[in-house]
**Student:** 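Just dropping this structure here.
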Amino acid sequence: MSVSTPAANSLFAELPAVRPSSFAQWRALTGRIVHTMATKGELIVAVLTPLVVTVAFYLPLRYVMKVQGIDYAQYVMPIVVLQTMAMTMMSNAQLAAFEALTGLSTRLQTMPIGSLVPLMSRICAGLVRSVVSLIATVAYGYVIGFRFTGGWWQALAFCGFALIVGVVLTLGADALGSLTKNPEALSQALTLPILIFGMMSTGFVPEASFPAWVRPFARNQPISQFAQTLSDMAAGHLSWAGTWVSLAWLGGLAVFFLPLAVWASVRRS
């Protein structure tokens with residue numbers, strides 16, 4: 001016997017009305033990603049990857065730089081930090097591509113979930129990974145001789161600036177992942193610009209070490225500017241004159257990547 005509509009409605013009359021909470025949805029989706037990272041060993045990788053990067057960048061050039069009077073541990077750590085942020089960027093790009101490829105993004109769009117919640121959950125989970133990687137990177141840096149000599153507030157500025165750079169880059173990578181839906185090809189596509197901008201930056205070697213024709217690019221490209229700003233913060237030489245170019249690059253990238261990430265996340269495929 002079927003239950004009449006009035007009778008069925010009376011069964012639920014005393015239940016509270018459902019009011020979807022974007023915050024609760026964000027918390028659940030972010031927790032799901034972070035739990036997956038923890039159980040699948042991704043956070044362990046986030047701790048070990050900076051060790052590999054630190055050793056690979058520091059050992060080959062430390063004696064050469066010592067001859068030139070450069071404390072290479074102090075010199076190279078900003079670019080090591082930026083490289084670890086780039087690893088988080090790649091992980092978020094692959095996550096966004098995987099969710100788009102498997103149809104999870106489309107499924108979430110059919111549910112009463114805030115349109116920006118999936119994007120924000122991926123970005124915040126990536127921020128958790130970045131914090132873990134940054135702590136590990138700084139710890140490895142202290143082992144090889146890196147030190148914050150500018151006081152605690154500039155050390156906090158160092159960490160905050162590095163994380164902001166990571167978030168901005170992650171926004172762009174997330175947009176690319178949502179659009180391509182191909183985790184494997186995306187990983188290969190992102191590796192090349194990371195290598196180009198990383199290796200052709202003044203974060204590894206001084207500007208004078210580059211051929212004259214490439215020095216303007218090496219000096220003025222964003223990774224070099226970010227590395228120089230981080231170096232100034234670590235040494236206690238933070239100033240507006242030495243920071244405004246990095247902030248301009250960061251603001252420009254954010255203005256471009258943020259709308260792109262939002263559009264790629266909410267569009268209907």
**Student:** Is any side-chain heavy atom of Phe146 closer than 4.5 Å to a side-chain heavy atom of Tyr140?
**Tutor:** no

**Student:** Kindly give the heavy-atom pair with the smallest separation between Met65 and Tyr72, and that separation in Å.
**Tutor:** CG-CD1, 3.3 Å

**Student:** Quick check on the hydrophobic clustering: are Leu247 and Leu258 connected, directly or via other members, by side-chain heavy-atom contacts under 4.5 Å?
**Tutor:** yes

**Student:** Output side-chain donor-acceptor pairs under 3.5 Å for residues 32-47, partner residues at least two apart or in another chain, one line each.
**Tutor:**
residue	atom	partner	partner atom	Å
Arg32	NH2	Glu99	OE2	3.0
Thr36	OG1	Arg32	O	2.9
Thr39	OG1	His35	O	2.9
Thr39	OG1	Thr36	O	3.3
Glu42	OE1	Arg129	NH2	2.6

**Student:** Checking the side chain of Gln109 only, and the main-chain atoms of Leu104 only, is there a donor and an acceptor separated by less than 3.5 Å?
**Tutor:** no

**Student:** Show me the pairs that pass side chain to side chain donor-acceptor pair (under 3.5 Å) and involve residues 62-71, at least two apart or across chains.
**Tutor:** none

**Student:** Taking the side chain as every heavy atom from C-beta outward, state whether Leu186 and Met90 have any atom pair closer than 4.5 Å.
**Tutor:** no

**Student:** side-chain contact (heavy atoms from CB on, under 4.5 Å) with Val245: which residues, sequence neighbours excluded?
**Tutor:** Gln225, Trp249

**Student:** Under 3.5 Å, is there a donor-acceptor pair between the side chain of Gln94 and the main chain of Gly177?
**Tutor:** no

**Student:** Take Ser121 and Thr30 through the side chain to side chain donor-acceptor pair (under 3.5 Å) test and state the conclusion after the steps.
**Tutor:** CA-CA 5 Å; Ser121 66; Thr30 304; 4.7 Å; no

**Student:** Please collect all side chain to side chain donor-acceptor pair (under 3.5 Å) contacts where either partner lies in residues 79-88, sequence neighbours excluded, each pair once.
**Tutor:** Thr88-Ser130

**Student:** Please answer whether the main-chain N or O of Arg219 pairs with a side-chain N or O of Ser224 as donor and acceptor at a distance below 3.5 Å.
**Tutor:** no

**Student:** Determine all donor-acceptor pairs shorter than 3.5 Å in which one atom belongs to a side chain in residues 210-217; sequence neighbours excluded.
**Tutor:**
residue	atom	partner	partner atom	Å
Arg215	NE	Phe210	O	2.8
Arg215	NH2	Ala208	O	3.2
Arg215	NH2	Phe210	O	3.2

**Student:** Please identify each residue that fulfils side-chain contact (heavy atoms from CB on, under 4.5 Å) with Ser209, with sequence neighbours left out.
**Tutor:** Val205, Pro206

**Student:** Are Val143 and Val76 joined in one hydrophobic group, where the rule is that I, L, V, M, F, W and Y side chains link up if heavy atoms are under 4.5 Å apart?
**Tutor:** no

**Student:** Got a sec, which pairs hit salt bridge (Lys or Arg N to Asp or Glu O under 4.0 Å) with one end in residues 49-60, sequence neighbours left out?
**Tutor:** none

**Student:** I'd like to check Val167 versus Ile164 (side-chain heavy atoms, cut-off strictly below 4.5 Å). Are they in contact?
**Tutor:** no

**Student:** Can you name the side-chain contact (heavy atoms from CB on, under 4.5 Å) partners of Phe256, sequence neighbours left out?
**Tutor:** Leu260

**Student:** Please find the pair of heavy atoms, one from Ala264 and one from Arg267, that lie closest to each other, and give the distance.
**Tutor:** O-CG, 3.7 Å

**Student:** Can you check whether Ile194 reaches Met89 side chain to side chain, under 4.5 Å on heavy atoms?
**Tutor:** yes

**Student:** Work out which heavy atom in Lys181 is nearest to a heavy atom in Leu101; give both atom names and the distance.
**Tutor:** O-CD1, 3.5 Å

**Student:** Using side-chain heavy atoms (C-beta onward) and a distance below 4.5 Å, is Leu195 in contact with Met200?
**Tutor:** no

**Student:** Looking at every heavy atom in both Gly203 and Ala227, which two are closest together, and how far apart are they?
**Tutor:** CA-CB, 4.2 Å

**Student:** Quick one: salt bridge (Lys or Arg N to Asp or Glu O under 4.0 Å) partners of Arg107, sequence neighbours excluded?
**Tutor:** none

**Student:** Using side chain to side chain contact (heavy atoms under 4.5 Å, CB included) as the criterion, point out the one residue from Ser178, Ser105, Ser115 that pairs with Val266.
**Tutor:** Ser115

**Student:** Measure the shortest side-chain to side-chain distance between Val165 and Leu82 over non-hydrogen atoms and say whether it is less than 4.5 angstrom.
**Tutor:** yes

**Student:** Ring-plane angle category for Phe204 and Phe57, please: parallel below 30°, perpendicular beyond 60°, tilted otherwise.
**Tutor:** perpendicular

**Student:** Please step through side chain to side chain contact (heavy atoms under 4.5 Å, CB included) for the pair Thr49 and Ser133, ending with a clear verdict.
**Tutor:** CA-CA 8 Å; Thr49 299; Ser133 291; over 6 Å; no

**Student:** Does the side chain of Leu250 reach to within under 4.5 Å of the side chain of Phe226, using non-hydrogen atoms?
**Tutor:** yes

**Student:** Show the nearest heavy-atom pair for residues Gly145 and Ala73, with the distance to one decimal.
**Tutor:** C-CB, 4.0 Å

**Student:** Can you give me every donor-acceptor pair (side chain of residues 230-242, partner residue at least two apart or in another chain, under 3.5 Å) with its distance?
**Tutor:**
residue	atom	partner	partner atom	Å
Asp232	OD1	Gln228	NE2	3.0
Ser239	OG	Gly242	N	3.3

**Student:** Quick one: which residue pairs count as a salt bridge (Lys or Arg N to Asp or Glu O under 4.0 Å) with a foot in residues 46-57, not counting sequence neighbours?
**Tutor:** none

**Student:** Mind telling me whether Phe148 and Phe158 have parallel, tilted or perpendicular rings, with 30° and 60° as the class edges?
**Tutor:** perpendicular

**Student:** If two hydrophobic side chains count as joined below 4.5 Å and joins carry through other members, does Leu179 share a cluster with Val262?
**Tutor:** yes

**Student:** If two hydrophobic side chains count as joined below 4.5 Å and joins carry through other members, does Leu156 share a cluster with Met85?
**Tutor:** yes

**Student:** Using a 4.5 Å cut-off on heavy atoms from C-beta on, say whether the side chain of Thr149 contacts that of Gln154.
**Tutor:** no

**Student:** Taking only residues two or more places apart in sequence or in another chain, which ones pass side-chain contact (heavy atoms from CB on, under 4.5 Å) with Ala24?
**Tutor:** Ser21, Arg27

**Student:** Give the minimum heavy-atom separation between Asn92 and Asp174, together with the two atoms involved.
**Tutor:** O-OD2, 4.2 Å

**Student:** Is there a path of hydrophobic side-chain contacts, each under 4.5 Å between heavy atoms, that joins Leu48 and Val81?
**Tutor:** no

